[in-house]
2 protein chains.
Amino acid sequence: MGISERKEREKQQRRTEIVNAAEKVFFTQGFKTATMDQVAEEAELSKGTLYLYFKSKEELHFAINMRAGDIMYEYFSKAIHTNQNGLENTRNIGMAYIEFVKYNPKYFESIMHFQIKNVDDFISGSEYFKEHKKKNPLKLFIGVIEEGIKDGSIRSDIKPEIISHTLWAMATGVFQHMSSKKLHMMKHDTDKEIDPEEYLQSFFQIIRNGISHEK
Amino acid sequence: MGISERKEREKQQRRTEIVNAAEKVFFTQGFKTATMDQVAEEAELSKGTLYLYFKSKEELHFAINMRAGDIMYEYFSKAIHTNQNGLENTRNIGMAYIEFVKYNPKYFESIMHFQIKNVDDFISGSEYFKEHKKKNPLKLFIGVIEEGIKDGSIRSDIKPEIISHTLWAMATGVFQHMSSKKLHMMKHDTDKEIDPEEYLQSFFQIIRNGISHEK
DNA sequence: ACATTATATGACCCTTAGTTATTTTTTATT
DNA sequence: AATAAAAAATAACTAAGGGTCATATAATGT
């Protein structure tokens, strides 16, 4: 009896359509000012139906955040090259992160939004999110660090999970800082007090060598 | 005619009282769930009066954020010792930042909240905020870095403003990451996957030496 | 004593997230 | 094919809270 399977598929489909609509509305209007009625209109559904699929506006936002994670994961996967060592691949991931932020500023905004919050409640509260946990960019990154420790390109005195978490947080902090200061990582607004190009270079340099003078 | 001066003082006083009340309410209820009526009640004023002093709930929140900046500034000032070099003082500031987050988690939350947003509109929109710009922790930090470059303890190939901005963003990213994951920098919750102690140590080590294996 | 200005009030408006009684559509049963 | 049962969708409704405004009170100036 393939009916329940088909129904499940259709349910998934609706969910996706709703997230599509929400994305459009949230990204153009901004999450705070966007209304659920607007999302309903865009999705060509009634507002009540939205709440059949998502518990709240925030949960709908979180669904977009999950997408952001997936897209970031794709950027990272493509950036990792098996013929390069761990340190090189760390830089590759860094560059991939930059590209992601550059071309998906709205998705990054969503990531920033949930960076602050404790997200566990969302995930544990919804079956959909629980099984979606797979594509974790951070996990990918931990792998690269482990690789780097093995091949000798990355220091071995700190646990790989700790290194990757730290670098991850650092990178997010830097991009956040840039993004909130509207240093768009784009060429055309160099008339700011901080040159984004220089800023990023500094980030990479510090990561590599630390701030100590001694070589 | 000292009347206008006294009136200005009283106005300032009211403002402060309102911020006190808002702080109490926001910090106990959380900013989102707290209501302006609650703040009015706490301040023993009518809601309308609040809007005579602050344009919006968000601006009131921002006033708290300014306080957070002041308090952080105090932590930093006390941490800097003129008999130590720039690199040592950088670490001192790092430790001070940790202390600040540890003992003022709510203020730090406020800082995180505005870290994401573009804050320029707030400042330019209010005379009060414009003149309050003085106590900037970041400025203090830039001075320390400059000192470090002069005394030879910090690398000189990156501009001091860039270094400090980068480290600043990195640190904020790390503390944010810890805070959102509820790794409270406190001893008593070590049963997490990441040990906060280890995390912070890693942060300092990476800052010092970079991730490269070569010494 | 009176006029004028500054400050404070609280009832009111309006938007919007979320709910629920009702209807429509789909599936199962006879 | 007709009907019962279940699932999905609707739209009118509610509640809450941010922000406003006509009105009142207090302080200052003349």
Side-chain angles (χ1 to χ4, degrees), chain A residues 1-23 25-26 28-64 113 117 121-122 125-128, chain B residues 1-22 24-26 28-64 113 117 121-122 125-128:
Chain A
M1 204 186 268
I3 282 179
S4 64
E5 280 87 339
R6 198 206 68 218
K7 278 215 155 187
E8 185 52 39
R9 255 198 339 268
E10 284 175 347
K11 222 166 161 180
Q12 242 347 320
Q13 176 67 17
R14 264 280 140 83
R15 250 183 101 83
T16 309
E17 283 167 15
I18 291 171
V19 178
N20 289 344
E23 206 173 280
V25 175
F26 289 174
T28 50
Q29 302 263 331
F31 172 71
K32 262 209 98 175
T33 49
T35 73
M36 289 300 266
D37 292 274
Q38 285 175 303
V39 175
E41 165 112 36
E42 178 68 40
E44 290 172 316
L45 289 167
S46 76
K47 186 164 65 162
T49 307
L50 301 186
Y51 284 91
L52 251 46
Y53 289 85
F54 296 91
K55 280 199 199 71
S56 65
K57 189 186 176 187
E58 189 75 5
E59 192 178 296
L60 192 43
H61 194 187
F62 186 68
I64 294 172
H113 182 255
K117 326 226 153 151
D121 307 336
F122 277 111
S126 165
E127 285 308 313
Y128 287 100
Chain B
M1 199 185 270
I3 281 178
S4 64
E5 279 88 339
R6 199 205 70 219
K7 279 215 152 186
E8 183 55 37
R9 256 199 340 267
E10 284 175 349
K11 221 167 161 179
Q12 245 343 322
Q13 177 66 17
R14 262 282 139 80
R15 250 184 99 83
T16 308
E17 283 167 15
I18 292 172
V19 178
N20 289 344
K24 222 180 230 172
V25 175
F26 289 174
T28 51
Q29 302 264 330
F31 173 71
K32 260 208 102 176
T33 48
T35 73
M36 288 302 266
D37 292 273
Q38 286 175 300
V39 176
E41 166 112 36
E42 178 69 38
E44 291 172 315
L45 289 167
S46 74
K47 186 163 66 164
T49 307
L50 301 186
Y51 284 92
L52 250 45
Y53 289 85
F54 295 92
K55 282 203 198 71
S56 65
K57 190 186 177 187
E58 188 77 5
E59 191 178 296
L60 193 43
H61 194 187
F62 186 67
I64 294 171
H113 182 254
K117 323 226 155 153
D121 307 335
F122 277 110
S126 164
E127 284 308 313
Y128 287 98

Cationic N near anionic O, under 4.0 Å, A/Arg6 to A/Glu10: yes
Rounded to the nearest 0.5 Å, what separates atom OG1 in B/Thr35 from atom NZ in B/Lys32? 14.0 Å
Could you check whether any side-chain N or O of A/Lys57 sits under 3.5 Å from a backbone N or O of A/Phe31, counting only pairs where one atom can act as donor and the other as acceptor? yes
From [atom1] of [X] over to [atom2] of [N], roughly how many Å is that when rounded to an integer?
X: A/Glu59; N: C/dG18; atom1: CD; atom2: C1'; value: 13 Å
X: A/Leu60; N: C/dA17; atom1: CG; atom2: C1'; value: 12 Å
X: B/Lys32; N: D/dG18; atom1: NZ; atom2: C1'; value: 13 Å
X: B/Met36; N: C/dC14; atom1: CE; atom2: C1'; value: 17 Å
X: A/Lys57; N: D/dA16; atom1: NZ; atom2: P; value: 19 Å
X: A/Asp37; N: D/dT14; atom1: CG; atom2: C1'; value: 14 Å

If you compare all heavy atoms of B/Leu50 against all heavy atoms of B/Met36, which two are closest, and at what distance to 0.1 Å? CD1-O, 3.5 Å
Does the pair B/Glu17 and B/Arg14 meet the rule for a salt bridge (Lys or Arg N to Asp or Glu O under 4.0 Å), with working shown? CA-CA 5 Å; B/Glu17 283 167 15; B/Arg14 262 282 139 80; 3.5 Å; yes
Applying the side chain to side chain contact (heavy atoms under 4.5 Å, CB included) criterion to B/Gln38, which one of B/Val25, B/Thr33, B/Thr28 satisfies it? B/Val25
Using a 4.0 Å cut-off on heavy atoms, which residues in residues 12-21 of chain B reach DNA chain D? List them by number, or say none. none
Scan residues 40-54 of chain A against DNA chain D and write down, sorted by residue number, each residue with any heavy atom closer than 4.0 Å; if none is found, say none. A/Leu45, A/Ser46, A/Gly48, A/Thr49, A/Leu52, A/Tyr53
Go through the steps to decide whether B/Leu60 and B/Tyr53 satisfy the test side-chain contact (heavy atoms from CB on, under 4.5 Å), and finish with yes or no. CA-CA 9 Å; B/Leu60 193 43; B/Tyr53 289 85; over 6 Å; no
Proximity to the side chain of A/Arg6 - top-ranked nucleotide from D/dG19, C/dT27, C/dA17: C/dT27
Quick check for you: among D/dA8, C/dA6, D/dG18, whose closest atom lies nearest to any side-chain atom of B/Lys7? C/dA6
Just wondering, are more than 12 heavy atoms of other shown residues or ligands nearer than 6.0 Å to CD in A/Gln12? yes
